[in-house]
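The model shown is predicted, which means the values in this text are computed figures rather than measured ones.
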Amino acid sequence: MTGQTAKKKTRDLDAEIAFLARALKAPALRDSAERLAARAREESWTHEEFLIACLQREVAARDAHGGEGRIRAARFPARKSLEEFDFDHARGLKRDTVAHLGTLDFIAEKGNVVFLGPPGTGKTHLATGIAIRACQAGHRVQFATASQWVDRLAAAHAAGKLSPRVVCAHSRDRIDQRPPRAAARLCLILGNLTRYIAWSFLEARAASGSGHVPRVDGGTFTDMAAKVKEQNLAVFGESGSGKTVLLSSFYGASQEPSFLAESLYKVLADDTGQGTRLRQNYLRMRNQAKAPEANRFAATPYSFTLKVKEPGGGKAAKAKPFNALRLIWHDYPGEWFTEEPSSTEEATRRVATFTRLLKSDVALVLVDGQKLLDYAGEEEKYLKSLLWGLRGGLEKLRDDILTDGEPLREFPRIWILALSKADLHPGLNAKGFQDLIVEKAAGDVSALHDALKTFVQVPEALSLGEDFMLLSSARFEPGKIEVTERVGLDLILPVATMLPFERLAQWAGRFAIPLKVLGGLVDHADALAGLLTGAGADAAAKFLAKIPKVVPVLAPIAIPGLAEAVKLGKSKLEEVHAQALADRDFLTAVVTQFRLDLDQGVEDHLFVKSLW
């Protein structure tokens with residue numbers, strides 16, 4: 001009788017949750033409440049943590065659903081993403097510039113983007129890809145054909161309602177942040193325009209005194225506000241592995257007065273709101289011993305720009321291959337590898353999130369230091385669960401990611417196993433962590449490596465189980481969090497920037513690798529080589545200009561300074577670094593410092609690099 005009463009009570013609770021969820025129009029909450037409740041009981045969540053998890057699931061579902069709704073409302077002729085763009089077809093197009101446009105900075109700046117070029121060069125694809133990013137970021141977008149725009153403009157002109165700020169440039173594709181008044185609520189207006197639209201609109205624009213328009217002329221971007229080398233970092237870890245704490249500590253420490261006074265660069269959050277929240281997390285850890293709330297089910301990329309101090313101006317600045325570095329931190333929620341999607345929208349969001357991080361060169365797989373303690377003596381059980389969960393999650397995504405089963409060109413090729421919460425293992429260095437993984441989980445690492453190979457072209461140029469590092473955001477004590485006691489976080493930027501460069505040189509000497517397969521790794525490799533060797537990026541670029549651009553494979557001769565730069569010893573690097581400081585060449589000083597930091601991390605046993 002008691003069992004029947006309990007069963008009836010459970011049914012009543014389920015019905016009440018379903019009713020209330022319908023009243024709130026929260027279907028994701030309704031579908032996930034039972035599963036989250038079971039997990040909350042199993043992991044002993046507080047009531048507040050359970051509520052946060054429920055609300056995060058509903059917010060995530062609404063964000064995904066809203067993005068899809070905005071994409072449908074935009075009426076694109078076809079759905080195309082920036083990740084799908086074929087850079088081999090448009091050889092003059094710089095990946096870094098397209099990536100910069102994909103951050104949507106120009107929207108916040110109320111700027112314009114114009115693509116110019118002959119038919120078939122990918123202008124519509126780029127414009128659509130950027131606009132879809134805008135839809136996913138919460139902006140409204142509208143697409144229309146040339147004839148539709150002409151009809152609207154003609155009707156507005158005839159009615160005397162044509163705003164002088166409405167301009168049709170002599171281009172085929174335009175993303176405009178200054179829409180006509182009738183569409184003022186829209187963030188972006190896209191047009192597939194023809195070359196034959198009347199020049200009077202251009203004259204009207206000149207008369208209105210509107211601002212400058214960045215443009216792509218003949219397939220090459222020119223006159224961009226900044227030249228940025230972008231590096232993407234994908235971070236994989238289970239729930240509770242410390243991803244949010246690591247990110248908050250990484251950014252928060254870079255905003256401390258001591259760092260700003262001594263560093264050669266400033267770390268700027270491209271999204272001010274994100275930066276404020278990360279800084280708040282850091283300050284609460286430092287001042288209140290309060291760790292950030294778990295960020296379950298979130299998959300938000302964080303973009304940071306490293307602005308080199310006093311980059312110079314005029315001809316000196318223009319001669320530089322880039323004057324800023326950008327790190328984009330992609331967080332793939334651990335729950336997505338252990339739980340089935342709660343809805344079609346969430347399944348779509350998982351695929352979209354994973355597709356975004358495919359352009360990362362480096363991926364971190366976080367091994368939870370607390371879990372290793374919990375499984376002391378039986379570490380293989382935890383490691384198997386972690387690595388097989390990651391492998392299973394990837395395999396579930398394979399059919400959605402691989403078009404017609406074709407392996408990918410862009411894919412994280414360097415997978416680092418990182419011990420998070422390393423402060424819990426004071427007697428374990430990076431080499432000891434490597435030995436632990438090899439002893440307890442060599443077969444599981446190998447199985448994951450085999451799974452990753454199925455995603456990528458030229459699988460020989462892919463490393464997993466070769467690089468290991470220690471990470472700790474702070475030292476946690478009862479009632480106190482020592483945020484200055486960090487481990488490995490100072491290596492994040494050197495690893496993301498220099499390790500792909502070094503691995504490229506190693507692979508170039510070992511394999512015949514098609515250039516198009518490693519396009520992302522090759523970007524700026526010549527400039528980095530010139531900066532490290534002290535020859536200067538300008539000299540390296542001039543040397544490379546003499547080499548044919550159409551090269552079937554990547555060989556050491558293709559990037560002449562690469563092998564030399566990788567082999568540089570500490571004394572030579574210090575010499576180049578000191579000379580750069582004396583010359584106030586801060587870009588070279590930052591790059592050489594990154595390389596020195598990476599080597600120092602190996603000496604301090606915080607990092608183990610591949611022996612190749």
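Here the side chain of H425 pairs a donor or acceptor atom with the backbone of G369 at under 3.5 angstrom. A side-chain donor-acceptor contact under 3.5 Å links S263 to the backbone of Y265. Judged purely by atom type and a 3.5 angstrom limit, Q434 has no side-chain atom pairing as donor or acceptor with the backbone of G432. T46 places a side-chain N or O within 3.5 Å of a backbone atom of E49 that can act as its donor or acceptor partner. Side chain of S249 to backbone of V245: no donor-acceptor contact under 3.5 angstrom is found. Side chain of R133 to main chain of G102: a donor-acceptor pair is present (N/O by atom type, distance under 3.5 Å, no hydrogens or angles). Remark: the backbone N or O of P301 is paired with a side-chain donor or acceptor of Q274 at under 3.5 angstrom. Remark: the backbone N or O of G273 is paired with a side-chain donor or acceptor of D271 at under 3.5 angstrom. Looking at T497, its side chain does come within 3.5 Å of a backbone N or O of L493 through a donor-acceptor pair.
At least one side-chain heavy atom of L471 sits less than 4.5 Å from a side-chain heavy atom of L364. Contact check for I52 versus W45: no side-chain heavy atoms found under the 4.5 Å cut-off. L470 is listed as a side-chain neighbour of L606, based on a closest heavy-atom distance under 4.5 Å. Considering only heavy atoms from C-beta on, M469 stays 4.5 Å or farther from V608 through its side chain. In this structure, P500 and V362 have side chains that are in contact, with non-hydrogen atoms separated by less than 4.5 Å. Between V141 and I132, the closest side-chain pair of non-hydrogen atoms is not below 4.5 Å. Between L126 and V98 there is a side-chain heavy-atom pair separated by less than 4.5 Å. In this structure the side chain of S385 reaches within 4.5 angstrom of the side chain of E238, judged on heavy atoms.
How far CG of D270 is from CD1 of I328: 7.5 Å, rounded to the nearest 0.5 Å. One finds the CG atom of L394 at 6.5 Å from the CZ atom of F236 (value rounded to the nearest 0.5 Å). Distance check, rounded to the nearest 0.5 Å: CG of D467 to CG of L417 gives 9.0 Å. In this structure, the separation between OG on S303 and CG on L104 is 10.5 Å, given to the nearest 0.5 Å. To the nearest 0.5 angstrom, S472 atom OG is 7.5 Å from L246 atom CG. Taken from CD in E395 to CD1 in I401, the straight-line distance is 13.5 Å, to the nearest 0.5 Å.
Across all non-hydrogen atoms, the minimal contact from P292 to T244 is CB-CG2, 4.0 Å. Of all the heavy atoms in Q255 and V267, the pair that sits closest is NE2-O, 2.9 Å. L464 and H449 make their closest contact through CD2-N, 3.5 Å (heavy atoms, listed as atom of the first residue, atom of the second, distance).
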Determine whether R413 and D361 satisfy the following criterion, side-chain contact (heavy atoms from CB on, under 4.5 Å), listing intermediate values before the conclusion.
CA-CA 6 Å; R413 291 183 177 271; D361 292 327; over 6 Å; no
L428 vs L419, test: side-chain contact (heavy atoms from CB on, under 4.5 Å). Steps then yes/no.
CA-CA 10 Å; L428 191 65; L419 175 62; 3.8 Å; yes
Working note: L233 + I492, criterion side-chain contact (heavy atoms from CB on, under 4.5 Å); need CA distance, chi angles, decisive distance, verdict.
CA-CA 9 Å; L233 180 71; I492 291 291; 4.0 Å; yes
Would D374 and Y382 count as a side-chain contact (heavy atoms from CB on, under 4.5 Å) if you check the C-alpha gap in whole Å, the side-chain angles of each, and the deciding distance to 0.1 Å?
CA-CA 9 Å; D374 295 341; Y382 161 62; over 6 Å; no
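Not a single side-chain hydrogen bond (donor to acceptor under 3.5 Å, both in side chains) links K290 to another residue, sequence neighbours left out. Not counting sequence neighbours, the partners of T454 by the side-chain hydrogen bond (donor to acceptor under 3.5 Å, both in side chains) test are R398. Taking R35 as the reference, nothing meets the side-chain hydrogen bond (donor to acceptor under 3.5 Å, both in side chains) condition, with sequence neighbours excluded. Take E256 and apply the side-chain hydrogen bond (donor to acceptor under 3.5 Å, both in side chains) test, not counting sequence neighbours, and it matches Y282, R286. Annotation: ring pair (Phe, Tyr, Trp, His ring centres under 6.0 Å) contacts of F607 (sequence neighbours excluded): none.
Among residue pairs with one or both ends in residues 421-433, those qualifying as salt bridge (Lys or Arg N to Asp or Glu O under 4.0 Å) are D368-K421, K431-D435; sequence neighbours excluded.
A salt bridge links K381 to E378: one of the charged nitrogens lies within less than 4.0 Å of a carboxylate oxygen. Ion pairing between R39 and E43 holds under the 4.0 Å rule for side-chain N and carboxylate O.
Ring to ring, F250 and Y302 are not that close: their centroids are 6.0 angstrom or more apart.
If you check the side chains of H100 and R326, you find a donor sitting under 3.5 Å from an acceptor. No donor-acceptor contact under 3.5 angstrom links the side chains of S32 and R57, judged on distance only.
In this pair, H125 and F85 present their aromatic rings perpendicular. The plane angle is above 60°, beyond the 30 to 60° band.
The environment of CZ in F19 is sparse: at most 12 heavy-atom neighbours from other residues, nucleotides or ligands sit within 6.0 Å. Heavy-atom neighbours of E34 CD from other residues, nucleotides or ligands within 6.0 Å: at or below the threshold of 12. Open room surrounds OH on Y375; 12 or fewer heavy atoms of other groups in view lie less than 6.0 Å from it.
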